[in-house]
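Just so it is clear, the structure is predicted and the values come from calculations on it, not from any experiment. Each ligand, and each atom within it, is numbered from 1 in the order the structure gives.
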Amino acid sequence: MSDPLNSPEARRAGAILTIDLDALVSNWKTCADKAPTATTGAVVKAAAYGTDATKSAIALYKAGCTTFFVASIQEGIDLRAVLGNGPTIHIFNGLMDGAERDFSEHNLTPVLNSLGEIDAWGAYCTGLGKPLPCNIHVDTGMARLGLPNNELDKLSENPEHLSHMKLDMVLSHLVAGEQSDNPLNPQQLMHFQNIMTQFPTARGALANSSGIFLGPDYHFDVTRPGVALYGANPTPGQPNPMAQVVRLQGKILQVRTIDTPQTVGYGATHQAQGEERIATVSVGYADGYLRSLSSSGIAYIGEHKVPVVGRVSMDLIGLDVSKVPEELTRPGTLVDLIGPHNPVDEVADRAGTIGYEILTSLGTRYHRVYLGG
Ligand SMILES: Cc1ncc(COP(=O)(O)O)c(C=O)c1O
């Protein structure tokens, strides 16, 4: 097999983004093993958290996943086109005005977020003379999407609202599932358990990635892991049970030795302390290497830790490679910006954000290499 890092595309690219589809599948299986009585779905919205919805969903589908969740109708349409009619595809953001036909034409299942959406879906199903599937989202504390308590009360007083459709799942979303000791978790759980008694024939779905690790009470019938599939830690503060999926390697363009009076990068925010060797690497904030990593990011050349110095610019960053042997810092050398020693969550911490943002910001200029799948 040809070396994917030695192709013309890889040689031209400023950075290589490697996505390990076998690790993705193994993470999905870890989630499934953790919740053996539930159906394990996969959340593949936002280009499967930056990894590529098509490639990731196909790998998961081949591994046995048949329940996919995305945010927008267009994401659902695109996914249906590549997966065919086998799996179910559920659209979190609900039924937008006038979009009913998109759902039925592309065999997508809406997550209905209000009584108004339920009635619109009911009217559409009545018009077609066909009870199409749907889910409903109930708000147990996020105050974002889903039926609030007063609408749930109306629904229980008049279950007729649901009579022309086929209710598949009842969903709710945890506010702080990644904080295992947060009292909101048991509160939401109890609220959801009560709500589910109102829908005895529907499947319940509460757990996101972290929810799966809160224990069996949270699993219900279907789980919806997202970020854990892509390697982020669903159990912060404890060892990461997930395999790393993403590796980002930037290329050194140039190395210069600078003297004490000189500064590095825009705004002159880094002042060399004595003689320093600075490697300029071809990744910047336009690629999703966040500007908040200015003078706080850490990269690795093999086992050598090299700090980002100065501001992240649009297409470039500077690394202090003074302590790395010169033969390891030649132009063309690949530097781990996300890698075995600096996984997604650690990069996120240094950027003052969360792994979700690092993943979904992964840029379009990288040469992408997909392993396995
Ligand atoms: C409704 C819903 N369910 C599940 C998920 C997946 O969450 P996570 O990525 O934390 O596993 C999301 C992600 O935002 C979501 O909005």
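Ion pair Asp139/Arg144 not flagged as a salt bridge, since none of the NZ, NE, NH1 or NH2 atoms sits closer than 4.0 Å to an Asp/Glu carboxylate oxygen. Arg365 has a carboxylate O that lies under 4.0 Å from a charged side-chain N of Asp315, or vice versa, which qualifies the two as a salt bridge. Taking 4.0 Å as the cut-off between side-chain N and carboxylate O, Asp320 and Arg277 do not count as a salt-bridged pair.
Atom 16 (O) of ligand 1 has its closest protein heavy atom at Arg144 NH2, 3.3 Å. Here the heavy atom of the protein found nearest to atom 5 (C) of ligand 1 is His173 CE1, 3.7 Å. In this structure, atom 14 (O) of ligand 1 lies nearest to the protein heavy atom Lys45 NZ, 2.7 Å. In this structure, the protein non-hydrogen atom closest to atom 11 (O) of ligand 1 is Ser209 OG, 2.5 Å. Ranking protein heavy atoms by distance to atom 3 (N) of ligand 1, first place goes to Arg224 NE, 2.9 Å. Atom 7 (O) of ligand 1 has Asn208 CB, 3.4 Å as its closest protein atom, hydrogens excluded (heavy atom only).
No part of Phe69 comes within 4.0 Å of ligand 1, judged by heavy-atom distances.
The distance criterion of under 3.5 Å between nitrogen or oxygen atoms is met by Val227 with respect to ligand 1. Residue Gly226 has at least one N or O atom closer than 3.5 Å to an N or O atom of ligand 1. Residue contacts with ligand 1: His137 is placed with no nitrogen or oxygen under 3.5 Å of a nitrogen or oxygen of the ligand (distance criterion only).
A distance of 12.0 Å separates CD of Glu346 from CG of Asn233, quoted to the nearest 0.5 Å.
Listed by number with element, the atoms of ligand 1 under 4.0 Å from a non-hydrogen atom of Pro225 are 11 (O). The atoms of ligand 1 that sit less than 4.0 Å from any heavy atom of Tyr49 are 6 (C), 7 (O), 8 (P), 9 (O), 13 (C). Interface atoms of ligand 1 facing Tyr356, defined by a heavy-atom separation under 4.0 Å, are 8 (P), 9 (O), 10 (O).
A donor-acceptor contact closer than 3.5 angstrom links the side chains of Asn85 and Asn107.
When all heavy atoms of Val25 and Ala63 are compared, the closest pair comes out as CG1-CB, 3.5 Å.
Under the 6.0 Å distance and 45° angle rule, Lys305 does not count as a cation-pi partner of Tyr300.
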Given side chain to side chain contact (heavy atoms under 4.5 Å, CB included), test Tyr124 with Phe103 step by step and report yes or no.
CA-CA 11 Å; Tyr124 186 62; Phe103 285 90; over 6 Å; no
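Of the listed residues (His270, Lys323, Gln262, Arg256), just one forms a side-chain hydrogen bond (donor to acceptor under 3.5 Å, both in side chains) with Glu276, and that residue is His270.
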